[in-house]
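Just below is one structure, and these are the notes that go with it.
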Amino acid sequence: MNHAAVPELERVLFSEEQIESRIRELAAEIDRDYQGRPLKLIGVLKGSVFFLTALARHIETPLKIDFLGISSFSDKSGSPGVVRIAKDLDESIEGEDVLLVEDIVDTGFTLRYLLQNLAGRAPNSLSVCTFLDRRSRRIVQTPIKYRCFEIPDRFVVGFGLDYQQLYRNLGYVAVLKPERS
Ligand code: PRP
């Protein structure tokens with residue numbers, strides 16, 4: 001979809017071509033690092049689905065895919081960062097080389113929770129790959145091994161990222177006009 005046809009969008013941040021090219025680079029890096037060791041990609045629903053499938057298509061290392069669904073909310077005191085698993089993995093990750101795939105890391109609360117949770121299931125290794133890193137919003141530091149792009153502190157949509165569940169299907173990443181976000 002042409003972004004000019006979507007009036008709620010301010011500008012394109014990353015085009016389809018830029019995304020494709022960067023994902024290819026990242027896939028090659030992952031292939032080099034894992035050296036043919038089978039990999040388990042774990043996607044966090046829903047946003048990461050688009051990135052995970054695009055990435056997986058360029059990775060040559062044999063891989064399996066599983067998904068986690070989470071919900072996050074504030075606790076009674078209003079503190080953010082309470083995360084719970086709403087849909088668990090279908091299979092065990094014990095002894096496996098796991099790459100957790102996110103669409104975006106903001107505060108880092110979600111990632112911290114997921115890494116603690118998954119580490120408790122005894123994988124052989126556990127690393128993180130995120131499509132976008134909005135580092136300026138970080139509250140808890142979390143180890144990110146692979147990132148496609150770092151982004152400014154703006155509300156972005158597309159390539160899996162939503163605003164009120166819309167725009168996930170855009171092939172590019174765009175900044176939403178401030179009055180919409
Ligand atoms: C996004 C993203 C992470 C989380 C990151 O999910 O997929 O799970 O937010 O935020 P944090 O670093 O501040 O914890 P979102 O709640 O937008 O769900 P979605 O993927 O279904 O859109």
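We count ligands from 1, going down the list as the structure has it; atoms in each ligand are counted the same way.
Counting the atoms of ligand 1 from 1 in the order shown, those under 4.0 Å from a heavy atom of Asp103 are 2 (C), 7 (O), 20 (O). Interface atoms of ligand 1 facing Gly47, defined by a heavy-atom separation under 4.0 Å, are 19 (P), 20 (O), 21 (O). Of all atoms in ligand 1, numbered sequentially from 1 with element shown, those under 4.0 Å from a heavy atom of Thr107 are 11 (P), 12 (O), 13 (O), 14 (O). For ligand 1, the atoms closer than 4.0 angstrom to any heavy atom of Leu45 are 20 (O), 21 (O).
For the pair Thr53 (side chain) and Phe50 (backbone), a donor-acceptor distance under 3.5 Å is present. Panel note: side chain Asp31, backbone Thr61; a donor-acceptor pair is recorded below 3.5 Å.
Here the CD1-NZ distance, from Ile65 to Lys40, works out to 10.5 Å after rounding to the nearest 0.5 Å. To the nearest 0.5 Å, the span separating CG on Leu13 from CG on Leu161 amounts to 11.0 Å. Atom-to-atom distance recorded for Leu63:CG and Leu55:CG is 8.5 Å, nearest 0.5 angstrom. With rounding to the nearest 0.5 angstrom, the CD atom of Glu150 is 10.5 Å from the CG atom of Leu132.
Here the heavy atom of the protein found nearest to atom 21 (O) of ligand 1 is Lys46 N, 2.9 Å. In terms of protein heavy-atom proximity, atom 4 (C) of ligand 1 is nearest to Thr110 OG1, 3.6 Å. Looking only at protein heavy atoms, the nearest one to atom 5 (C) of ligand 1 is Ile104 O, 3.4 Å.
When heavy-atom distances to ligand 1 are checked against a 4.0 Å cut-off, Glu102 comes that close only through its side chain, counted from C-beta outward. Heavy atoms of Arg168 found under 4.0 angstrom from ligand 1 belong exclusively to the side chain.
Ring-plane geometry between Phe149 and Phe131 is classed as perpendicular, the angle between the planes exceeding 60 degrees on a 0 to 90 degree scale with a lower cut at 30. In this pair, Tyr163 and Phe155 present their aromatic rings perpendicular. The plane angle is above 60°, beyond the 30 to 60° band.
Ligand 1 has an N or O atom lying under 3.5 Å from an N or O atom of Asp162, backbone or side chain. Polar contact check, Val44 against ligand 1: no nitrogen or oxygen pair lies under 3.5 Å apart.
Using a 4.0 Å threshold on non-hydrogen atoms, atom 15 (P) of ligand 1 does not count as touching the protein. For atom 19 (P) of ligand 1, the nearest protein heavy atom lies closer than 4.0 Å.
Partner Thr130 forms a side chain to side chain contact (heavy atoms under 4.5 Å, CB included) with one of Val105, Thr142, Leu100, Val44 and no other, that one being Val105.
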